[in-house]
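Residues take their numbers from the sequence shown, with the count starting at 1. Because the structure is a prediction, the values reported are computed rather than measured.
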Amino acid sequence: MTRLSVEMLAADVPEPITSAGHAQLGIAVLAGIAVIVLLITKFKLHAFLALTIGSLALGAFAGAPLDKVITSFSTGLGSTVAGVGVLIALGAILGKMLADSGGADQIVDTILARASGRAMPWAMVLIASVIGLPLFFEVGVVLLIPVVLMVAKRGNYSLMRIGIPALAGLSVMHGLVPPHPGPLVAIDALGANLGVTLALGVLVAIPTVVVSGPLFSRYAARWVDVPAPDRMIPQRASDDLDKRPGFGPTLATILLPVVLMLAKALVDIVVDDPENTVQRVFDVIGSPMIALLASVLVGIFTLGLPAGFSKERVSQLVEKGLAPIAGILLIVGAGGGFKQTLIDSGVGQMILDISEDWSVPAILLGWLIAVAIRLATGSATVATISAAGLVAPLAADMSTTHAALLVLAIGAGSVFFSHVNDAGFWLVKEYFGLSVGQNIKTWSVMETIISVVAGGLVLLLSLIL
């Protein structure tokens, strides 16, 4: 288990842009986060603007020159977008292609045709987990809601018995498994290995999704027994198509980047020779950008063309896939700027100094910080970015495995107890036609179970590995 200590990173923390003491820095951090929280929750300001203003407030409270604060913020924004921007864009294109071609519907229909009765919640969690790999959470919800509602209505199932497993699959993928924005940003901030994080993320995700999905849905269905609302069953993408891709090619396209990145991680462990030709080849094809790019290019032939899309329509599809992620890229970039401002202000060194005699595991600290910010802001992405910035110095002397586990701990904490300040809370509430109380007893509790179970498993793995 990696413990907090001053010796971990004395030489690697950058020269701070302010000479403020620990007390002033502590107040500055709290004030900066408070500004972000207030702007998002009270004034309903966009998270990009809130993070930008919060970064400036942090620097001002820390007594740093404004020009240096602006430089730190701009540097962090640029490096974060450079590190994860292309990956988010490629993931958005793949998700759009998967949805519009009818490939997602093909996977859903194929699995549901082979499941019934007690197996249905397990089928739903499997569908959501597979579909959720390349999709953003909100896109996945919109994509799967018609399926959830139709299955519940046609099969006379409790809405919660079917809906909770689907939401759990999506949420676990969103919080723990790259290439989702949160894990990618944390990996970039902590310098973790993406392949190792992906492998451990899948390992943690499987039991987490089982507990929070099919198992918890039994109790959720008793607590909130509601029928599927007819008004919320929208038209599916494939309803307007004459043909759609096959199950095998669609599944292979979705899993291609995961397989390539895992293969790279395996080769790195087995070969462990940077000059080896095989390892160099896998370092290229298993890099996140190439793996996702390959999946997008393959998807043109396995998803777009089988659906009857022309070259022009494929081009339009790519354009439409990129348009909605502008806001996400700006939020992620501004979060990176906030992270860099934290680091350059000397917050990392402050954490090391004041925690010299602590016996709190760094992994637990990362989870707790993410939980606190998640509860305050309602945003899993903001919680991940901010927590990663605060604990980044602690990852410098960690092993590859423990750095990956720290990423997962932050991801687990970032989904803790979604409530009224979370857009996802209202999205689920409106789609399922629930009251606020019913949504808290189902969706909010499910998110908390995901956070606690995943966090506990990460801590357990840190003792073993």
Side-chain angles (χ1 to χ4, degrees), residues 29-30 32-42 44-48 50-51 54-55 58 136-138 141 167-168 170-177 180-187 189-190 201 204-205 208-209 212 328 331-332 334-336 338-339 342 360 362-392 405-429 436 439-440 442-459:
V29 171
L30 294 176
I33 293 176
V35 167
I36 295 171
V37 172
L38 190 64
L39 291 176
I40 292 176
T41 58
K42 179 70 174 177
K44 308 302 179 186
L45 200 63
H46 192 275
F48 166 69
L51 284 163
S55 300
L58 168 65
F136 297 121
F137 176 79
E138 290 80 4
V141 169
L167 293 173
L170 288 174
S171 188
V172 169
M173 294 297 116
H174 175 72
L176 298 177
V177 181
H180 287 281
L184 282 176
V185 171
I187 288 168
L190 301 179
V204 171
T208 300
V209 81
S212 60
I328 295 173
I331 292 172
V332 168
F338 181 66
K339 174 209 72 176
L342 284 168
V360 178
I363 288 173
L364 178 58
L365 180 65
W367 183 84
L368 290 171
I369 292 174
V371 165
I373 299 173
R374 159 69 160 181
L375 289 172
T377 66
S379 170
T381 302
V382 171
T384 299
I385 293 168
S386 302
L390 284 168
V391 302
L405 290 174
L406 182 55
V407 169
L408 297 178
I410 291 171
S414 74
V415 299
F416 188 89
F417 194 75
S418 164
H419 60 99
V420 294
N421 61 357
D422 176 20
F425 178 91
W426 298 104
L427 186 66
V428 173
K429 174 189 175 298
V436 170
N439 211 35
I440 289 174
T442 53
W443 160 255
S444 300
V445 173
M446 182 205 77
E447 289 282 87
T448 305
I449 291 173
I450 291 173
S451 181
V452 173
V453 171
L457 289 171
V458 170
L459 274 174

Not counting sequence neighbours, which residues clear side-chain contact (heavy atoms from CB on, under 4.5 Å) with V35? List them please.
L39, I53, A57
Output all residues satisfying side chain to side chain donor-acceptor pair (under 3.5 Å) with S55, sequence neighbours left out; order by chain, then residue number.
none
By side chain to side chain donor-acceptor pair (under 3.5 Å), which residues pair with S451, not counting sequence neighbours?
W367
Suppose we screen for side-chain contact (heavy atoms from CB on, under 4.5 Å). Which residues come up paired with S414, at least two apart in sequence or across chains?
A380, A383, T384
In short, V177 meets A205 closest at the heavy-atom pair CG2-CB, 4.3 Å
Is there a side chain to side chain contact (heavy atoms under 4.5 Å, CB included) between F338 and I36? Walk through the geometry before answering.
CA-CA 10 Å; F338 181 66; I36 295 171; 3.7 Å; yes
For the student: nearest non-hydrogen atoms of A168 and M446, plus distance:
N-SD, 3.6 Å
Non-hydrogen atoms of G366 and V391 that approach each other most closely
CA-CG1, 4.1 Å
side-chain contact (heavy atoms from CB on, under 4.5 Å) involving A387 - partner list, sequence neighbours excluded
I369, A370, I410
L45 to A50 - nearest heavy-atom pair and separation:
CD2-N, 4.1 Å
Set of residues satisfying side-chain contact (heavy atoms from CB on, under 4.5 Å) with respect to L30, sequence neighbours excluded
none
Kindly compute the distance separating CG (L364) from CG (L459), expressed to the nearest 0.5 Å.
5.5 Å
Determine the sole option in V407, L408, T208 for which the side-chain contact (heavy atoms from CB on, under 4.5 Å) test with V458 is passed.
L408
Mind listing the closest non-hydrogen atom pair of L190 and A388 along with its distance?
CD2-O, 3.7 Å
Side-chain donor/acceptor of S444 to backbone N/O of H419, under 3.5 Å
no
Ignoring hydrogens, what is the shortest heavy-atom contact between L176 and A412? Give both atom names and the distance.
CD2-N, 3.9 Å
Residues S212, E447; criterion side chain to side chain contact (heavy atoms under 4.5 Å, CB included); working and verdict:
CA-CA 8 Å; S212 60; E447 289 282 87; over 6 Å; no
Kindly determine whether V452 and F416 satisfy side chain to side chain contact (heavy atoms under 4.5 Å, CB included), including the steps that lead there.
CA-CA 8 Å; V452 173; F416 188 89; 4.1 Å; yes
Using modelled atom types only, decide if a donor and an acceptor are shared between the side chain of N439 and the backbone of F425 within a distance under 3.5 Å.
yes
Taking the side chain as every heavy atom from C-beta outward, state whether L342 and V29 have any atom pair closer than 4.5 Å.
yes
Heavy atoms, side chains only, cut-off 4.5 Å: are W443 and L167 in contact?
yes
